[in-house]
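Report on one structure; see the data block that follows.
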Amino acid sequence: MDFRPLHDRVLVRRVESEEKTSGGLIIPETAKEKPQEGEVVSVGEGTRDDSGNRVALDVKAGDRILFGKWSGTEVKLDGQELLIMKESDIMGVLS
(Lines give C-alpha, C1' and ligand atoms only; values in the text may rest on other atoms or scores of the structure.)
Protein backbone atom coordinates (compact mmCIF):
# COMPACT_ATOMS: atom_id res chain seq x y z
CA MET A 1 0.00 0.00 0.00
CA ASP A 2 1.35 3.39 -0.95
CA PHE A 3 -0.67 5.98 1.00
CA ARG A 4 0.57 8.98 2.99
CA PRO A 5 -1.88 11.08 5.02
CA LEU A 6 -1.61 14.84 4.72
CA HIS A 7 -0.92 17.42 7.43
CA ASP A 8 -1.86 16.18 10.93
CA ARG A 9 -3.80 13.12 9.80
CA VAL A 10 -2.99 9.55 10.83
CA LEU A 11 -3.82 6.22 9.13
CA VAL A 12 -4.85 3.60 11.73
CA ARG A 13 -5.57 -0.14 11.62
CA ARG A 14 -7.99 -1.28 14.33
CA VAL A 15 -6.74 -3.96 16.71
CA GLU A 16 -9.21 -6.83 16.93
CA SER A 17 -10.90 -7.31 20.29
CA GLU A 18 -11.06 -10.55 22.25
CA GLU A 19 -13.75 -13.06 21.30
CA LYS A 20 -14.10 -14.33 24.87
CA THR A 21 -14.73 -12.60 28.17
CA SER A 22 -12.41 -13.14 31.13
CA GLY A 23 -14.98 -15.65 32.44
CA GLY A 24 -14.79 -17.70 29.23
CA LEU A 25 -18.06 -16.58 27.56
CA ILE A 26 -17.87 -16.28 23.78
CA ILE A 27 -19.03 -12.90 22.46
CA PRO A 28 -21.07 -13.18 19.22
CA GLU A 29 -20.22 -10.87 16.29
CA THR A 30 -23.54 -9.03 16.66
CA ALA A 31 -22.77 -8.03 20.27
CA LYS A 32 -19.21 -6.83 19.67
CA GLU A 33 -18.36 -3.16 19.62
CA LYS A 34 -15.68 -1.87 17.30
CA PRO A 35 -12.39 -1.63 19.18
CA GLN A 36 -11.10 1.78 20.21
CA GLU A 37 -7.51 0.61 20.04
CA GLY A 38 -5.38 0.62 16.93
CA GLU A 39 -1.95 0.60 15.37
CA VAL A 40 -0.65 3.61 13.47
CA VAL A 41 0.12 2.62 9.88
CA SER A 42 1.39 5.98 8.62
CA VAL A 43 1.36 9.66 9.60
CA GLY A 44 1.34 12.99 7.79
CA GLU A 45 4.17 15.49 7.92
CA GLY A 46 2.48 17.67 10.56
CA THR A 47 1.05 21.16 10.64
CA ARG A 48 2.69 24.57 10.42
CA ASP A 49 2.82 27.05 13.28
CA ASP A 50 2.25 30.81 12.96
CA SER A 51 5.82 31.44 11.81
CA GLY A 52 5.63 28.75 9.09
CA ASN A 53 7.75 26.12 10.85
CA ARG A 54 6.58 22.52 10.60
CA VAL A 55 5.31 20.95 13.85
CA ALA A 56 5.82 17.18 13.76
CA LEU A 57 3.22 14.75 15.12
CA ASP A 58 3.67 13.02 18.49
CA VAL A 59 2.78 9.58 17.09
CA LYS A 60 4.70 7.49 14.57
CA ALA A 61 4.06 4.38 12.50
CA GLY A 62 3.89 1.27 14.69
CA ASP A 63 2.52 3.05 17.82
CA ARG A 64 -0.49 1.44 19.53
CA ILE A 65 -3.05 4.10 20.33
CA LEU A 66 -6.44 4.66 21.95
CA PHE A 67 -9.02 6.82 20.18
CA GLY A 68 -12.64 7.91 20.64
CA LYS A 69 -15.55 5.68 19.66
CA TRP A 70 -16.67 7.95 16.82
CA SER A 71 -13.21 9.15 15.73
CA GLY A 72 -11.98 9.09 12.17
CA THR A 73 -13.33 8.18 8.77
CA GLU A 74 -13.44 4.55 7.70
CA VAL A 75 -11.72 3.77 4.39
CA LYS A 76 -10.87 0.57 2.54
CA LEU A 77 -7.37 0.38 1.01
CA ASP A 78 -5.95 -2.77 -0.58
CA GLY A 79 -8.80 -4.80 0.94
CA GLN A 80 -8.05 -3.60 4.49
CA GLU A 81 -10.48 -1.57 6.57
CA LEU A 82 -8.59 1.40 8.02
CA LEU A 83 -9.33 4.72 9.70
CA ILE A 84 -8.05 8.18 8.83
CA MET A 85 -8.19 10.59 11.75
CA LYS A 86 -6.63 13.80 12.96
CA GLU A 87 -3.96 13.53 15.63
CA SER A 88 -6.24 15.47 17.99
CA ASP A 89 -8.71 12.50 17.91
CA ILE A 90 -6.06 10.27 19.51
CA MET A 91 -6.38 10.04 23.30
CA GLY A 92 -3.02 8.43 24.03
CA VAL A 93 -0.25 6.03 23.11
CA LEU A 94 -0.02 2.60 24.77
CA SER A 95 3.43 1.43 25.84
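This chain uses plain numbering: 1 for the first residue, then up along the sequence.
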To the nearest 0.5 Å, how far apart are CG in D58 and CD1 in I65? 12.0 Å
Using modelled atom types and a 3.5 Å cut-off, is there a donor and acceptor pairing between side-chain atoms of D49 and backbone atoms of S51? yes
For the hydrophobic clusters of this structure (ILVMFWY residues joined by side-chain heavy atoms under 4.5 Å, transitively), does one cluster hold both V15 and L94? no
Decide yes or no on salt bridge (Lys or Arg N to Asp or Glu O under 4.0 Å) for D63 and K60, but give the supporting numbers first. CA-CA 6 Å; D63 283 349; K60 61 188 180 311; 3.1 Å; yes
Could you measure the distance from the NZ atom of K86 to the CG atom of D8? Nearest 0.5 Å is fine. 4.0 Å
Could you state the interatomic distance from CD (E37) to CG (L66), rounded to the nearest 0.5 Å? 5.5 Å
Going from CD1 on I84 to CG on L77, what distance comes out if it is rounded to the nearest 0.5 angstrom? 6.5 Å
Taking the side chain as everything from C-beta on, heavy atoms only, tell me whether R48 gets closer than 4.5 Å to N53. no
Going through the checks in order, is the salt bridge (Lys or Arg N to Asp or Glu O under 4.0 Å) test met by E45 and R4? CA-CA 9 Å; E45 294 179 353; R4 181 179 54 89; 3.6 Å; yes
Side-chain contact, heavy-atom cut-off 4.5 Å: V10 with V59? yes
Drop me the distance from F67's CZ to M91's CE, to the nearest 0.5 angstrom. 9.0 Å
Heavy-atom pair with the smallest gap, counting every atom of V41 and A61: O-CB, 3.4 Å
OG1 (T73) and CZ (R9) are apart, to the nearest 0.5 Å, by 8.5 Å
Quick one: does L11's side chain get under 4.5 Å of V40's, heavy atoms only? no
Of all heavy-atom pairs linking M85 and I90, the shortest is SD-CG1, 3.9 Å
Does R14 pair with E74 as a salt bridge, N-O distance under 4.0 Å? yes
